[in-house]
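These numbers come from a predicted model, not from an experiment.
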Number of protein chains: 2
Amino acid sequence: MSLSHAILGLLDLAPMTGYDLKKTFDGSVAHFWAADQAQIYRTLAALVDDGSVDVRVVPQKGRPDRREHHITDDGRRRLTAWLGSPLEPERSREPFLARVFFAGREDPAVARKLLAERRAATEERLTALRSLPDPAGTPAERLRTATLRYGVRQLEAELGWIDETAAAL
Amino acid sequence: MSLSHAILGLLDLAPMTGYDLKKTFDGSVAHFWAADQAQIYRTLAALVDDGSVDVRVVPQKGRPDRREHHITDDGRRRLTAWLGSPLEPERSREPFLARVFFAGREDPAVARKLLAERRAATEERLTALRSLPDPAGTPAERLRTATLRYGVRQLEAELGWIDETAAAL
DNA sequence: TGGGCATATATGCGTGGTCCTATATAGGAC
DNA sequence: GTCCTATATAGGACCACGCATATATGCCCA
């Protein structure tokens with residue numbers, strides 16, 4: 001359940017409503033974490049239950065009240081514990097590679113189409129990543145922008161592999 | 001539900017029991033797909049239900065009967081349809097990058113430890129990948145080994161990023 | 001007046017998936 | 001004799017998640 005930790009991390013930067021969190025996930029952390037709106041609200045409720053977060057209702061005129069979620073000391077402790085805990089082994093799951101692996105039973109055109117489609121998608125994601133601001137500031141900011149550079153490197157490596165593989169067909 | 005397609009793909013290469021499939025997932029396709037044993041049996045049952053696969057029971061002495069699963073013509077059609085269908089957009093979920101992103105609130109030692117741990121894990125996976133045989137044979141075999149080279153490229157890119165990022169701390 | 005968009009929260013349903021445990025048998029190690 | 005490993009299958013509990021949908025309101029634009 002890394003989503004709860006990601007939420008704690010974001011609430012540590014600033015108190016937010018579920019709605020704010022959704023926008024943040026879709027914006028500044030989309031390159032490494034996608035979150036469903038319903039799941040955000042559910043996880044938020046669980047975090048309130050276990051005391052990691054508390055809610056302050058801010059009335060608004062003309063709009064539903066903001067239920068602003070603030071991280072608690074307990075929440076900060078859990079965040080710190082997570083950041084210091086050993087890395088969980090990641091289990092791979094890459095549908096694209098699965099297709100490549102099995103594409104051999106089809107006409108060569110299928111594999112070519114696969115690679116071409118992926119190339120387009122990868123290029124698109126690369127432009128999206130590169131257009132994001134990359135100012136190196138405080139150490140904390142540098143770590144955050146490093147996650148963007150990670151994406152750029154991975155995508156560039158992928159383009160290289162696609163071209164090599166397509167050429168070998 | 002890519003697992004069902006991965007299973008169909010493997011059964012297209014050779015008929016197998018659930019047990020065989022588990023070994024295959026842990027072995028030759030582990031670099032791009034991890035599968036839980038219970039989930040394999042459940043998915044296999046679903047594939048039998050929808051006619052993609054049929055079972056031939058092969059009695060054995062001293063061991064439980066082999067329930068050998070064979071792909072049917074319907075199954076082959078579904079496999080082909082999947083291989084030709086448009087790529088699903090992949091939603092990212094990278095716990096490691098999430099940690100890096102939020103590590104800024106901690107002592108610099110935390111980020112350093114994070115990168116060092118990841119470096120070791122990445123290096124380990126690289127050696128595992130490189131030790132696998134890589135003979136270019138038929139076009140189908142070349143596509144399968146291409147998925148290994150994909151992993152090598154990604155891991156190498158990651159090592160580069162880790163070193164760059166660690167140096168910038 | 002009506003439509004579309006932004007703000008804001010929440011439930012229900014289904015499903016894919018992980019972990020744990022149970023069952024059955026044989027061979028080899030200690 | 002007991003324990004471990006390999007072969008082989010499967011159910012139960014639980015969980016995180018994705019998608020669809022509902023509700024409420026105010027603003028702007030046509």
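By the ring pair (Phe, Tyr, Trp, His ring centres under 6.0 Å) test, A:Phe102 is found to be paired with no residue, residues two or more places apart in sequence or in another chain being considered. Here B:Arg67 pairs with B:Val55, B:Val57, B:His69 under the side-chain contact (heavy atoms from CB on, under 4.5 Å) rule; sequence neighbours left out.
Overall bending of the helix from C:dT1-D:dA30 to C:dC30-D:dG1, expressed as the angle between end axes built from five pairs apiece, is 20° (10° steps).
Within the nucleic acid shown, B:Arg66 comes within 4.0 Å of sugar-phosphate atoms alone, with no base atom in reach, counting heavy atoms only. Among the heavy atoms of the strands lying under 4.0 Å from B:Ala38 is at least one base atom, whether or not backbone atoms are also near.
Rounded to whole angstrom, the span from the CG atom of A:Asp26 across to the P atom of C:dA6 amounts to 13 Å. Distance B:Asp49 CG to C:dT15 C1': 15 Å, rounded to the nearest Å. One atom, CG of B:Asp20, and another, C1' of D:dA6, lie 13 Å apart when rounded to the nearest Å. Summarising the geometry, the separation between CZ on B:Phe25 and C1' on C:dG16 is reported as 14 Å, rounded to the nearest angstrom. One can place CD of A:Gln37 at 15 Å from P of C:dG12, the figure rounded to the nearest angstrom.
Side-chain contacts under 4.5 Å among hydrophobic residues (ILVMFWY), followed directly or transitively, place B:Val58 with no other residue at all.
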Show me the donor-acceptor pairs, under 3.5 Å and distance only, between side chains in residues 89-96 of chain A and residues at least two apart or in other chains.
unit_1  : atom_1 : unit_2   : atom_2 : d
A:Glu90 : OE2    : B:Arg118 : NH1    : 3.1
A:Ser92 : OG     : B:Ala30  : O      : 2.8
A:Arg93 : NH2    : B:Ala34  : O      : 2.3

Donor-acceptor pairs under 3.5 angstrom involving side-chain atoms of residues 81-88 of chain B: please list them, not counting sequence neighbours.
unit_1  : atom_1 : unit_2  : atom_2 : d
B:Ser85 : OG     : A:Arg99 : NH1    : 3.3
B:Ser85 : OG     : B:Trp82 : O      : 2.7
B:Glu88 : OE1    : A:Arg99 : NH2    : 2.6

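Taking the charged nitrogens against the carboxylate oxygens, B:Asp26 and B:Lys22 do have a contact shorter than 4.0 Å, which makes a salt bridge.
Below the 3.5 angstrom threshold, one finds a donor paired with an acceptor across the side chain of A:Arg42 and the base of C:dG12.
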